[in-house]
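What follows is a single structure, written as structure tokens, with notes after it.
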Amino acid sequence: MPRRVGGTTIELDTVEFLLQQGWQSLKRNGLMALAAICNIAVAFAVLSAFVLLAWNLEHMARKQTESAVITVELTSDAIPADVEAAINRDLRVKRTEFLSRDEALNRLAERMGYDKEALKLVGNPLPDMFIVWPNNPDDIPALAEDIKKIKGVSKDKDGVRYGGQVTKKLLVVARGVKIAAAVLTILLGSATLLIVGATIGLTIYARRREIRIMQLVGATNWFIRVPFLIEGMLQGMAGAALAAVLVLVGYYHVCRYTAENLAFIDFVYSPEMVALFAAGTILAGIVFGAIGAMLAVRRYLKIV
Amino acid sequence: MIHLQGVSVVYPDGTTALDKVDLSIERGEFVFITGPSGSGKTTLLQLIYREMVPTEGKVLVDGQDVAKLPAWRVPLLRRKVGVVFQDFRLLPNQTVWENVRFALDVVGASRREKHRKVPIALELVGLADKANSYPDNLSGGEKQRVCIARALVNSPMALLADEPTGNLDPEISLELTELLANIAETGTTVVMATHDKMIVDKMQRRVVTLLHGAVVRDAKEGGGYHDRA
């Protein structure tokens, strides 16, 4: 069934012709294309490894964040409702939970495996307390300082405490990795565009005679460009697929090693994650390949 | 069909390639453009298929001012105007059939259309039996016939030939020119740039002579290479 594209009726034969031209282009400059694919693979391997690293650090930070809370001990004369209201007035607070001294003792007994009744006999040294969840774990230190100032909150050294230091560090590292990944994306992305562009430029040079004839017999610009776009996309796809395979194989071994030897490190690994990562990498390869080819075509077709 | 009105072409270095050329060529006409090397023959043809635009004046092809055509419509013009060159410009790794079909491939013709039109074009130029040959196995005259078939396969309104006999011996040159004249008989306008005196004298067709970019003679009723207007 013919379709209308750019004012021209397109037959299925034409689509076949264009795909064939793209594939032939790739074959004609076989070695150069292979070099481009390998270069793209290296660039994408580094890039996607960084993305994986950032992804995992985020994951770890998120898990830490979920457990990042501030424990607020109250003085014996405090009125819990007043303290709770004061804490909740702060917009950085997500929610609070009151823990009476009895309940706190029970939880402690449960956690330590002590007998609750036996523990009561020795007396309950614990005060009433609030558990405070912040909206943003980054705010924990400042929020803790402010909570300390509330009337009824224990002024002891450990009266207001939080275990968010690890989270904070993880988030700092994750942010650093994300910035590095962004910088790398720009650098390696540009390199990929240049590599694809140079290869397509060579193909255009090799096919200049054919292109010239195409122009003379009335081929539209898009018709001349499409095979090169296909070539660029194929290069990008092949390079990125190679990178995805390399990185995923390496990642699988890292995950297996850590699961066996460093169980406290929790890497993201699931069939969905593998599929998403591979699809994302390959899609990025295709997009970069297409952009590189487009830039080359715009630049070199003028001088054919 | 083709009208040039006060057309001048001046290159950036100041060289005048064409100087206030006025020329009208009607549908089905066969016209020689003659003149010494550098007289502006090729430039004149290039203006018609919008390889370049005039510095001044208008070039009308089938009523359209080609200089004003947006870039995306230039390919559509070139489907109406076939071009043949002295250096053939064939694809050496493709057969005669494929070379001719190529012109249909790039305009998105259907398979059925290609199977119908390619044999007709090859028959017209007398190369039906060479369809499976490669250009390297053809004589110069045969190569030029393939080029003509490729230019004709899209049924253009005009066929421009830039020194098509430049690489051919006299006998073959005459045969080829007669073929172009026959094509003109079918209603396709043929404009042939040449400085081959023998052919022009023999054919006695309309001759437009250029000198230093200006039309110095237009023998509308036909004439020889050096006849006076």
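A, B, ... follow the sequence lines: proteins, then strands. Residue 1 opens every chain.
- Side chains of Trp222(A) and Thr220(A): a donor-acceptor N/O pair is present below 3.5 angstrom, by distance only.
- Note on Ala151(B), Pro75(B), Gly82(B), Pro156(B): by heavy-atom pairs under 4.5 Å with chain A, the leading option is Pro75(B).
- For a residue to count as touching a neighbouring chain, one of its non-hydrogen atoms must lie under 4.5 Å from one of that chain's; by this rule Lys80(B) does not touch chain A.
- Salt bridge annotation for Arg78(B)-Glu51(B): present, with a cationic side-chain nitrogen under 4.0 angstrom from a carboxylate oxygen.
- Residue contact with chain A, scored on non-hydrogen atoms closer than 4.5 Å, involves the backbone and the side chain of Asp105(B) alike.
- For a residue to count as touching a neighbouring chain, one of its non-hydrogen atoms must lie under 4.5 Å from one of that chain's; by this rule Leu90(B) touches chain A with the backbone only.
- Taking 4.5 Å as the limit, some side-chain heavy atom of Gln64(B) sits within range of a side-chain heavy atom of Arg73(B).
- Side-chain contact of Tyr251(A) with Ser48(A): a donor-acceptor pair under 3.5 Å is absent, judged by distance alone.
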